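Below is one structure, written out as structure tokens; comments come after it.
Because the structure is a prediction, the values reported are computed rather than measured.
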Amino acid sequence: MAAEGNGVLLKADSIANTFRDEIKSALASSARAPKLVGILATTSAPSKFYAEFTKKQCDALGVEFLLRKVGAAADESLAPGEGVEEAIIEANEDDGVDGIMVYYPIFGAQQDHYLQQIVSPYKDVEGLNFKFHYNLYHNIRFLDPKTLASSLPATKDAPPAVNDEPPPGYVKSIIPCTPLAVVKCLEYVGVYNKILPYGDRAYGKTVTVINRSEVVGRPLAALLANDGARVFSVDIDSIQEYTKRPRQSAEERKYYPRHVAHPTSLSLQECLALSDVVVSAVPSAEYKVKTAWLKDGCVCVNVAADKNFEADVREKASVYMPTIGKVTIMMLLRNL
């Protein structure tokens, strides 16, 4: 951790190392090294960098990694995404493959969502299958592995989560890697209060998440709200509030088992002024969160490939994390 100016610049290495040791310990007791297949279908520079970074981390840990290039990634005369569906199906059917990750975006949100549902839920290390999303949004933390074979959400409720360990016969429901990495970073810096009951340790915190994509922004907002936080989910055309404690009269007040979402009349500037944590995931080099709008002492986390915060962010932020990529990779490898 390096300090400069008023706030602390926190690198992801120290957080990632905690989980790296956990993964090494699990691999040491495994009969064989797990195999992860990455599928790259475009010439996108961020996707290529992420694929190379994944391989580097896998090699360091002893995880077998195979990068399958298709479409424009294999031959620039081919169209982006050409052959990607076939590559996913082939990896699904290969018993020697333990995990599959696809480097998005490829076609765009709707068609990419279709591809995400083709990946077998038994091999989905990114947590993008609809079953995992359903569980996340409904605050279902554990699942019976047998239910993954069904195309329908489980009708039988899992036992209530009293701690981070699944009850007998259940496993943890996979959570999308980047949102989970953000949560682990916030736990590390003390945003989560360990004295509070499991599942409510972000209670009392207000968070703004900028970008409501289905890959990062919306699942992250839901995760934080399901952990007790008041969350403002900001997108291009609207701001929503996510909370388990919606504003009601004293007679009607209810503590919901999962978050509810409703519109808010607050502006982005007003949301930021209230927020103990600000997470930005806007894929644009031009977009910047205004330092002047931040609450003094807040925690700022940059999730986008581009820097979404102004250069003087630490004049207001007590902690600033410019990247969390190394933690994200550790979350992915934990899911193998």
Using 4.0 Å as the upper bound for N to carboxylate O, is an ion pair formed by [Y] and [X]?
| X | Y | result |
| --- | --- | --- |
| D200 | K244 | yes |
| E90 | R68 | yes |
| D13 | K11 | no |
| K172 | D164 | yes |

Within the side chain of [X], is there an N or O that forms a donor-acceptor pair under 3.5 Å with the backbone of [Y]?
| X | Y | value |
| --- | --- | --- |
| H113 | A109 | no |
| D21 | S25 | no |
| S275 | V278 | no |
| Q117 | F130 | yes |
| S213 | V216 | yes |
| E82 | A79 | yes |
| N308 | V282 | yes |
| K288 | E310 | no |
| D124 | G127 | yes |
| D235 | D237 | no |

Please lay out, stage by stage, how H133 and E214 fare under the test side-chain contact (heavy atoms from CB on, under 4.5 Å). CA-CA 9 Å; H133 269 197; E214 284 295 336; 4.0 Å; yes

One pair to check against side-chain contact (heavy atoms from CB on, under 4.5 Å): Y192 and V183. What are the steps and the verdict? CA-CA 9 Å; Y192 276 59; V183 168; 3.6 Å; yes

State the [atom1]-[atom2] distance between [X] and [Y], to the nearest 0.5 angstrom.
| X | Y | atom1 | atom2 | result |
| --- | --- | --- | --- | --- |
| K205 | C298 | NZ | SG | 11.5 Å |
| T42 | L78 | OG1 | CG | 13.0 Å |
| N129 | S173 | CG | OG | 9.5 Å |
| I324 | C185 | CD1 | SG | 5.5 Å |
| I174 | N135 | CD1 | CG | 10.5 Å |
| L186 | M321 | CG | CE | 8.5 Å |

What about [X] and [Y], same hydrophobic cluster or not, with Ile/Leu/Val/Met/Phe/Trp/Tyr joined at side-chain heavy-atom distances under 4.5 Å?
| X | Y | result |
| --- | --- | --- |
| V327 | V63 | yes |
| V215 | F53 | yes |
| L333 | V182 | yes |
| Y122 | L336 | no |

For K48, does the NZ atom have more than 12 heavy-atom neighbours from other residues, nucleotides or ligands under 6.0 Å away? no

For F49, does the CZ atom sit with more than 12 other heavy atoms under 6.0 Å from it, leaving out its own atoms? no

Please test I210 against T208 for side-chain contact (heavy atoms from CB on, under 4.5 Å), starting from the C-alpha separation and ending with a verdict. CA-CA 6 Å; I210 304 173; T208 291; 3.8 Å; yes

Does R230 make a cation-pi contact with Y203, if we ask for NZ or CZ under 6.0 Å from the ring centre and within 45° of the axis? no

Is the NZ or CZ atom of R258 positioned over Y242's six-membered ring, under 6.0 angstrom from the centre and within 45° of the axis? no

Would you say [X] and [Y] make side-chain contact, with heavy atoms under 4.5 Å?
| X | Y | answer |
| --- | --- | --- |
| Y198 | R141 | yes |
| E126 | Q116 | no |
| V319 | C300 | no |

With a cutoff of under 4.5 Å between side-chain heavy atoms, which Ile, Leu, Val, Met, Phe, Trp and Tyr residues group with I106? V37, I39, L66, V70, V84, I88, I89, V97, I100, V102, Y104, F107, Y114, L115, I118, V119, L128

Go through the steps to decide whether K123 and D98 satisfy the test salt bridge (Lys or Arg N to Asp or Glu O under 4.0 Å), and finish with yes or no. CA-CA 6 Å; K123 299 185 179 185; D98 300 288; over 6 Å; no

Pairing donors with acceptors under 3.5 angstrom, does anything connect the side chains of R212 and S238? yes

Distance-only polar pair, side chains of S120 and N92, donor-acceptor under 3.5 Å: no

Mind jotting down which residue pairs meet the ring-ring contact (aromatic ring centres under 6.0 Å, His included) criterion with at least one end in residues 286-334? Sequence neighbours excluded, please. F309-Y320

Starting from the C-alpha separation in whole Å, work towards a yes-or-no answer on salt bridge (Lys or Arg N to Asp or Glu O under 4.0 Å) for K184 and E187. CA-CA 5 Å; K184 295 302 181 183; E187 288 179 345; 3.7 Å; yes

Chi angles and distances behind the side-chain contact (heavy atoms from CB on, under 4.5 Å) call for L9, R314: CA-CA 8 Å; L9 177 66; R314 285 187 285 156; 3.5 Å; yes

Which atoms form the tightest heavy-atom contact between S233 and A221, and what is the distance? CB-CB, 4.2 Å

Evaluate the salt bridge (Lys or Arg N to Asp or Glu O under 4.0 Å) criterion for residues E64 and R32: first the C-alpha distance (whole Å), next the side-chain angles of each, then the deciding distance (0.1 Å), finally the verdict. CA-CA 10 Å; E64 184 181 354; R32 67 172 180 85; 5.8 Å; no

